[in-house]
Amino acid sequence: MLDLKMIRQNPEAVKSGIKKKGRDPKLIDNILVLDKEYRELLVNVEELKSLKNKASDEIAKSPKDQRQKLIDTMQDVTKKEKNLEEKMKKVKEELDAMMIELPNPPLESVPEGKNENENKVIKTVGEKPSFDFKPLDHMALGERLNLIDIENASKTSGTRFYYLKNEAVLLEFALVQFVIGKLIKKGFSPIIPPVLVQEKAMFGTGFFPADRNEIYHVNPRSETNPDGDDLFLVGTAEVPLCMLHYDSILANEKLPLRYAGFSTCFRREAGSYGKDTKGILRVHQFDKIEMFSFCDPKKSEKEHELILSLEEEIMKELGFHYQVVLICGGDLGAPAAKKYDIEVWLPGQQRYRELTSCSNCTDFQARRSNIRYKTAKGNEILHTLNGTACAIGRTLIAILENYQNKDGTVTVPEVLRSYVGKEKIN
RNA sequence: GGAGAGGUGGCUGAGCGGUCGAAAGCGGCGGUCUUGAAAACCGCUGUCCCGCUUGCGGGACCGUGGGUUCGAAUCCCACCCUCUCCGCCA
């Protein structure tokens, strides 16, 4: 959500911002018209309310036998006020609906561009590993080493599910230990959040209304099911981590507050029929460790670089060759003002694939979720940032494909060996 | 799943149709006292919105949304949440 006052004061800047995201700048004009209408109605309604408040006082103070006359005249005023108020409410609803659809304008440093093809590679680290044999993809390796079972998962749950087995499970636990341990050392508090959330959590983080299609709705309430739970499965721990400070005011000295949340993530992948159908790259359920930071608005750009650097550190320690991609305006989601992806080279597929992603959401989520911090001037909306510390499924893919040997075995990355308890998977 | 209790300011908690933005206590800020600190005493101390604008005026907020009423923290309805007991289960 954007600040309406800011839109009033600086409509042109907001227009060019949402244009960069590929949205129609006329939206802003429409909003300003409604806003003006709303405020005019508000003044009228409040005048009538003021009148009512005064009259109520008088009625209370006047002797009983004189009350009825005053009450009669006030009945009319109340009727009038209710009518006006209803009109005002409708305008406000329309205005709110438009406001909640507005995306966060990108920062200056975000490149123009319509879609992912115009994202900018800003950094490449390491080199493509060379093999003296034809490297297999992760599915071939996973089946051969009895680590991934998609066939039985499809019997159980349908497409885009998988069983993780044997050393794949050990690798997952190793990654969790390794990454969480590292983040704790960097000052992050480890969290295991709830993954079923209420609708307001989805709105507060900006996933609704934009990405409603992507989210599983659990036991929806309806006429035929009035006792439904009406909960939603999170697609990322970002949602419940943000909710940790929903509707609250944080002490300035406590910022930045940094959390590392481990959770299972659920995604419908509704818009991606036929895309990445092989293997476990794009699945309905996976585990992920997510970083989340609540910070001072003046420091959020620096915080963003810090989160990116932590992601890079993990990539480097795992020995991956990767590139850092700066996402262009048209490819940014609604909440993000700026986003970096890290894409790791997958030898089995002969291409780079996204393993992590970190976003600066500036005040967008914080305003929707009403998260503020104390300043000398009063309470102000703070900034929120999030970043993938480790998407475990995709990291498994990268490990299998990059650490494979000619004989079909996979070497365990050095930093994980003490957790896995072996050097090689065979 | 069954039976209850309850959600009030940063916190504890009173109020249960008008004089209530709301007692009291704690905490916080400022002052007096003190060499300094503590104690004691005195004063101040919520958020949001709108209008004219150094200031002032108005409105809203007692879990959320409706309703009754001239008037609702207080009465009615729905929803959300918390707690206790019993049952069931990891």
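Just so we're on the same page: letters track the sequence lines, and every chain starts at 1.
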Please work out if [X] contacts a base, only the sugar-phosphate, or nothing of the nucleic acid, heavy-atom cut-off 4.0 Å.
X       : answer
A:Lys52 : sugar-phosphate
A:Glu47 : nothing
A:Lys89 : sugar-phosphate
A:Asp72 : nothing

To the nearest angstrom, how far is [X] atom [atom1] from [N] atom [atom2]?
X        : N     : atom1 : atom2 : answer
A:Met74  : B:G18 : CE    : C1'   : 14 Å
A:Lys49  : B:A72 : NZ    : C1'   : 13 Å
A:Lys79  : B:U69 : NZ    : P     : 10 Å
A:Lys200 : B:G65 : NZ    : P     : 12 Å
A:Gln75  : B:G71 : CD    : P     : 8 Å
A:Lys54  : B:G59 : NZ    : P     : 7 Å
A:Met88  : B:G59 : CE    : C1'   : 10 Å
A:Asp57  : B:G18 : CG    : P     : 13 Å

For nucleotides [N] and [M], find the distance between their [atom1] atoms and express it as a whole number of Å.
N     : M     : atom1 : value
B:G10 : B:G4  : P     : 34 Å
B:C88 : B:G1  : P     : 15 Å
B:G13 : B:C26 : C1'   : 11 Å
B:C79 : B:G27 : C1'   : 34 Å
B:G63 : B:U8  : C1'   : 10 Å
B:C62 : B:U74 : C1'   : 10 Å
B:G71 : B:G17 : C1'   : 8 Å
B:G28 : B:C33 : P     : 22 Å

A:Gln68 and A:Asp72: CA distance, side-chain angles, deciding distance, side chain to side chain donor-acceptor pair (under 3.5 Å) verdict:
CA-CA 6 Å; A:Gln68 197 50 48; A:Asp72 287 344; 3.2 Å; yes

So which one's nearest nucleotide on RNA chain B is more toward 5', A:Leu51 or A:Leu70?
A:Leu51

For nucleotides 44-51 of chain B, print each protein N/O atom paired with a nucleotide N/O atom at under 3.5 Å, atom names and distance only.
{"unit_1": "B:U47", "atom_1": "O3'", "unit_2": "A:Arg372", "atom_2": "NH1", "d": "3.1"}
{"unit_1": "B:C48", "atom_1": "OP1", "unit_2": "A:Arg372", "atom_2": "NH1", "d": "3.0"}
{"unit_1": "B:C50", "atom_1": "OP1", "unit_2": "A:Arg8", "atom_2": "NH1", "d": "3.2"}
{"unit_1": "B:C50", "atom_1": "OP1", "unit_2": "A:Arg8", "atom_2": "NH2", "d": "3.2"}
{"unit_1": "B:G51", "atom_1": "OP1", "unit_2": "A:Arg39", "atom_2": "NH1", "d": "2.8"}

If the cut-off is 4.0 Å, is [X] near the phosphate of [N], judged by side-chain N/O to OP1 or OP2?
X        : N     : answer
A:Ser50  : B:G59 : yes
A:Asn53  : B:G59 : yes
A:Thr73  : B:C70 : no
A:Gln198 : B:C79 : no

Whether the side chain of A:Arg23 engages the backbone of A:Leu102 through a donor-acceptor N/O pair (distance < 3.5 Å, no angle test) should be reported.
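Looks like no, no N/O pair under 3.5 Å.
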
Do the rings of [X] and [Y] sit parallel, tilted or perpendicular, given the 30° and 60° boundaries?
X        : Y        : answer
A:His304 : A:Tyr340 : tilted
A:His284 : A:Phe161 : tilted
A:His245 : A:Tyr259 : tilted

According to the Watson-Crick and G-U wobble definition with distances under 3.5 Å, which dot-bracket string, read 5' to 3', encodes RNA chain B, using [ ] for crossing pairs and | for pairs with another strand?
((((((((.[[[..)..(.....]]]((((((.......))))))(((((((..))))))).[[[[[..)....]]]]])))))))....

Beyond-backbone contact of A:Arg353 with A:Asp276, side-chain heavy atoms, under 4.5 angstrom
yes

Check this for me, if you would: do A:Glu199 and A:Arg212 make a salt bridge, where the nitrogen-to-carboxylate-oxygen distance has to be below 4.0 angstrom?
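A:Arg212 and A:Glu199: salt-bridged.
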
Quick one: do A:Asn152 and A:Lys155 satisfy side chain to side chain donor-acceptor pair (under 3.5 Å)? Show the steps, please.
CA-CA 5 Å; A:Asn152 284 305; A:Lys155 278 193 295 195; 2.8 Å; yes

Could you check A:Thr236 against A:Thr205 for side-chain contact (heavy atoms from CB on, under 4.5 Å), going step by step and ending with a plain yes or no?
CA-CA 11 Å; A:Thr236 163; A:Thr205 44; over 6 Å; no

Does A:Glu423 form a side-chain contact (heavy atoms from CB on, under 4.5 Å) with A:Thr411? I'd like the steps, not just the answer.
CA-CA 6 Å; A:Glu423 278 182 37; A:Thr411 304; 5.7 Å; no

Partners meeting ring-ring contact (aromatic ring centres under 6.0 Å, His included) with A:Phe203 (sequence neighbours left out)
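Listed in chain order: A:Phe208.
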
